[in-house]
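Below you'll find the structure, written out as structure tokens, and then a few comments.
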Amino acid sequence: MSNFIKSSPAYASDKIDCPEKRLFIAILSQAVHDAFSSHVPGLEKQAARSFLMSNSRDFRLICEMAGRNSNYVKEKIERRLHGTNLSMDRSYISAH
């Protein structure tokens with residue numbers, strides 16, 4: 001998982017690959033896709049970006065259940081939104 005800091009002891013191991021963890025990874029992946037894809041309608045794109053930048057309880061919980069650090073994900077999204085491309089895409093969320 002390269003430079004990723006894992007947040008949830010329950011899902012932190014790379015060896016744990018259960019349906020629930022995959023579901024939460026898919027939720028994050030879809031949000032990133034919706035936030036940055038050109039074919040996504042503006043309202044949906046804005047909703048995805050708002051969700052990813054919100055640091056809401058739901059966002060933090062989804063990140064935790066996906067084994068991702070919410071601060072790290074939010075920082076990468078902020079950098080991508082502000083033009084600093086750090087190779088943040090759906091495959092990044094899925095693989096790390």
All heavy atoms of A48 vs all of A35, minimum pair found to be CB-N, 3.7 Å
Side-chain heavy atoms under 4.5 angstrom apart, residues restricted to Ile, Leu, Val, Met, Phe, Trp, Tyr: same cluster for I77 and V40?
no
I need the S70 OG to L52 CG distance, nearest 0.5 Å.
11.5 Å
Return the CG to CD distance between N71 and E78, rounded to the nearest 0.5 Å.
9.5 Å
K45: salt bridge (charged side-chain N to carboxylate O under 4.0 Å, His left out) partners, not counting sequence neighbours:
none
Does some side-chain heavy atom of V32 sit less than 4.5 Å from a side-chain heavy atom of R80?
no
Could you work out, with side-chain contact (heavy atoms from CB on, under 4.5 Å) as the rule, every residue matching I62, not counting sequence neighbours?
F24, I27, L28, F51
Does I25 offer a backbone N or O that forms a donor-acceptor pair with the side chain of S29 under 3.5 Å?
no
Are side-chain heavy atoms of R60 and K74 found at a separation under 4.5 Å?
no
Ignoring hydrogens and geometry beyond distance, is a side-chain donor-acceptor pair present between Q30 and D34 at under 3.5 Å?
yes
